[in-house]
J.: 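Supplied in structure tokens, the structure appears directly below.
Counting starts at 1 for both ligands and their atoms, following the listed order. None of the values given here were measured: they were computed from a predicted structure.
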Amino acid sequence: MKTSTPQSVFTLAKLLLSACIVMASSTLLASEIATLRQGTPLESTNTTPALLNNASNEDKRKTRAYPMQPPTIPHKIEAYQIDTNANQCMTCHARLRVEDSQAPMISVTHYMDRDGNFLADVSPRRYFCTQCHVTQVSNKPLIENTFRDMHHLPANKNKTN
Ligand code: HEC
Ligand code: HEC
């Protein structure tokens with residue numbers, strides 16, 4: 001075994017010092033910065049809140065916050081399968097289903113491949129609907145946000161659409 005040289009003692013001291021700094025800064029973070037961990041120290045685990053089955057189910061299409069926004073889903077979806085075998089969303093939203101379902105058809109962009117060619121069925125790029133579309137719950141925002149509709153930008157002030 002090597003005997004300790006002044007060099008290795010110095011390295012050990014540096015390691016101890018950085019460990020202290022890391023511990024001190026994590027205590028600071030936990031107590032002073034608002035995070036989704038809600039003050040739980042980094043070395044502890046939060047109890048996971050229960051998943052509430054309270055997605056809004058009002059069947060009323062919502063305002064989009066900007067023209068290109070994927071519309072939010074105004075109905076419950078937890079029973080709908082989306083995997084390699086089936087896409088239940090398409091049982092109502094596909095072109096040939098909307099007459100029966102009275103659901104809005106997925107838009108033309110969903111039938112386009114990345115080169116802009118139109119396909120007969122939903123493009124693989126748009127297959128997993130919940131990548132972009134989400135249900136809503138009426139909850140308080142987790143953190144404050146200052147989002148304003150683009151309608152309020154000065155250039156849009158006098159426009160109605
Ligand atoms: C049983 C039929 C049915 C199924 C299945 C269904 N939807 Fe719908 N969806 C509708 C209808 C009808 C509407 C129109 C609003 C309403 O009545 O809820 C709608 C509205 C929407 C809208 C809002 C469109 C807009 O312009 O605002 C989105 C987004 C949507 N659905 C996504 C989905 C996704 C994603 C799935 C699968 C997880 C799905 N839907 C499954 C019938 C269905
Ligand atoms: C990669 C993101 C993405 C995926 C995946 C996706 N969408 Fe969309 N969707 C959008 C965007 C963005 C819009 C609004 C712009 C547009 O029409 O392309 C939209 C629009 C819609 C609309 C409104 C159409 C209209 O004309 O009012 C419906 C309904 C819809 N999507 C359903 C679905 C369903 C069902 C799926 C799954 C089969 C799906 N979307 C997958 C992004 C996506």
J.: List every atom of ligand 1 that sits less than 4.0 Å from any heavy atom of T72, numbering the atoms from 1 in the order shown and giving each element.
T.: 23 (C), 29 (C)
J.: Is it the side chain, the backbone, both or neither of N87 that has a heavy atom closer than 4.0 Å to ligand 2?
T.: side chain
J.: For atom 24 (C) of ligand 2, what's the nearest protein heavy atom and its distance?
T.: M105 O, 3.4 Å
J.: Around atom 28 (C) of ligand 2, find the nearest protein heavy atom and jot down its residue, atom name and distance.
T.: I106 CA, 4.1 Å
J.: Starting from atom 10 (C) of ligand 1, find the nearest protein heavy-atom neighbour and note its residue, name and distance.
T.: A103 CB, 3.4 Å
J.: May I ask you to decide if M112's main-chain N or O and R125's side chain share a donor-acceptor pair within less than 3.5 Å?
T.: yes
J.: For atom 2 (C) of ligand 2, what's the nearest protein heavy atom and its distance?
T.: C132 SG, 1.9 Å
J.: Under 4.5 Å between side-chain heavy atoms, counting indirect links through other Ile/Leu/Val/Met/Phe/Trp/Tyr residues: same cluster for V134 and I77 or not?
T.: no
J.: For S123 and D113, does a side-chain donor sit closer than 3.5 Å to a side-chain acceptor?
T.: no
J.: Taking both backbone and side-chain atoms into account, decide whether C92 has an N/O/S atom under 2.8 Å from atom 8 (Fe) of ligand 1.
T.: no
J.: Please identify which atoms of ligand 2 are closer than 4.0 Å to at least one heavy atom of Q69.
T.: 14 (C)
J.: Among protein heavy atoms, which lies nearest atom 21 (C) of ligand 1, and at what distance?
T.: H93 CE1, 3.4 Å
J.: Of all the non-hydrogen atoms in the protein, which one sits nearest to atom 19 (C) of ligand 2, and at what distance?
T.: H110 CE1, 3.3 Å
J.: Have a look at ligand 1 and work out which part of I77, if any, has a heavy atom under 4.0 Å from it: side chain, backbone, both or neither.
T.: side chain
J.: May I ask you to identify the nearest protein heavy atom to atom 12 (C) of ligand 2, giving residue, atom name and distance to one decimal place in Å?
T.: M68 O, 3.3 Å
J.: Go through the steps to decide whether Y111 and R95 satisfy the test side chain to side chain contact (heavy atoms under 4.5 Å, CB included), and finish with yes or no.
T.: CA-CA 10 Å; Y111 287 102; R95 181 174 63 89; 3.5 Å; yes
J.: Backbone or side chain, does H75 get an N/O/S atom under 2.8 Å to atom 8 (Fe) of ligand 1?
T.: yes
J.: May I ask you to list the atoms of ligand 1 that are less than 4.0 angstrom from any heavy atom of D59?
T.: 15 (C), 16 (C), 17 (O), 18 (O)
J.: For ligand 1, does R64 get within less than 4.0 Å through its side chain, its backbone, both, or neither, judged by non-hydrogen atoms?
T.: side chain
J.: Mind listing the side-chain donor-acceptor pairs of residues 59-72 below 3.5 Å, one per line with the distance, residues two or more places apart or on another chain?
T.:
residue, atom, partner, partner atom, Å
K62, NZ, E58, OE1, 3.1
Q69, OE1, A65, N, 2.6

J.: Students should be able to answer this: which protein heavy-atom is nearest to atom 17 (O) of ligand 2, and at what distance?
T.: S107 OG, 2.6 Å
J.: Should I82 and C89 count as side-chain neighbours, where that means a heavy-atom distance under 4.5 Å?
T.: yes
J.: Give me the residue, atom name and distance of the protein heavy atom closest to atom 22 (C) of ligand 2.
T.: P71 CG, 3.8 Å
J.: Does H133 put an N, O or S atom under 2.8 Å from atom 8 (Fe) of ligand 2?
T.: yes
J.: Classify the ring geometry between H93 and H75 as parallel (under 30°), tilted (30 to 60°) or perpendicular (over 60°).
T.: parallel
J.: Any idea which protein heavy atom is nearest atom 38 (C) of ligand 1, and the distance to it?
T.: C89 SG, 2.6 Å
J.: How far is atom 18 (O) of ligand 2 from the closest protein heavy atom, and which atom is that?
T.: T109 OG1, 2.5 Å
J.: Nearest 0.5 angstrom please: T135 OG1 to N54 CG, how far?
T.: 9.0 Å
J.: Is the backbone of N117 close enough, under 3.5 Å, to the side chain of D115 for a donor and an acceptor to pair up by distance?
T.: no
J.: Run the numbers for me: atoms of ligand 1, each under 4.0 Å from some heavy atom of C129, listed by number.
T.: 35 (C)
J.: How long is the gap from OH on Y80 to CD1 on I73, to the nearest 0.5 Å?
T.: 10.0 Å
J.: Could you check whether any side-chain N or O of Q88 sits under 3.5 Å from a backbone N or O of Q81, counting only pairs where one atom can act as donor and the other as acceptor?
T.: yes
J.: Does only the side chain of Q88 get under 4.0 Å from ligand 1, or the backbone, or both, or neither? Count heavy atoms.
T.: backbone
J.: With nothing but distance in play, are any N or O atoms of R61 less than 3.5 Å from an N or O of ligand 1?
T.: yes
J.: Heavy atoms only: which of P70, P67, P104 lies closest to atom 13 (C) of ligand 2?
T.: P70
J.: So, Q102 side chain and E99 main chain: donor-acceptor pair closer than 3.5 Å or not?
T.: yes
J.: Any chain of hydrophobic side-chain contacts (each under 4.5 Å) joining M90 to V98?
T.: yes
J.: Tell me if a side-chain donor or acceptor on S44 pairs with a main-chain N or O of T40 at a distance below 3.5 Å.
T.: no
J.: Taking non-hydrogen atoms only, is R126 closer than 4.0 angstrom to ligand 2 via side chain, backbone, both or neither?
T.: both
J.: Between N87 and Y127 (side chain of the first, backbone of the second, donor and acceptor by atom type, cut-off under 3.5 Å), is there such a pair?
T.: yes
J.: Y127 heavy atoms, cut-off 4.0 Å: which ligand 2 atoms fall inside?
T.: 37 (C), 38 (C)
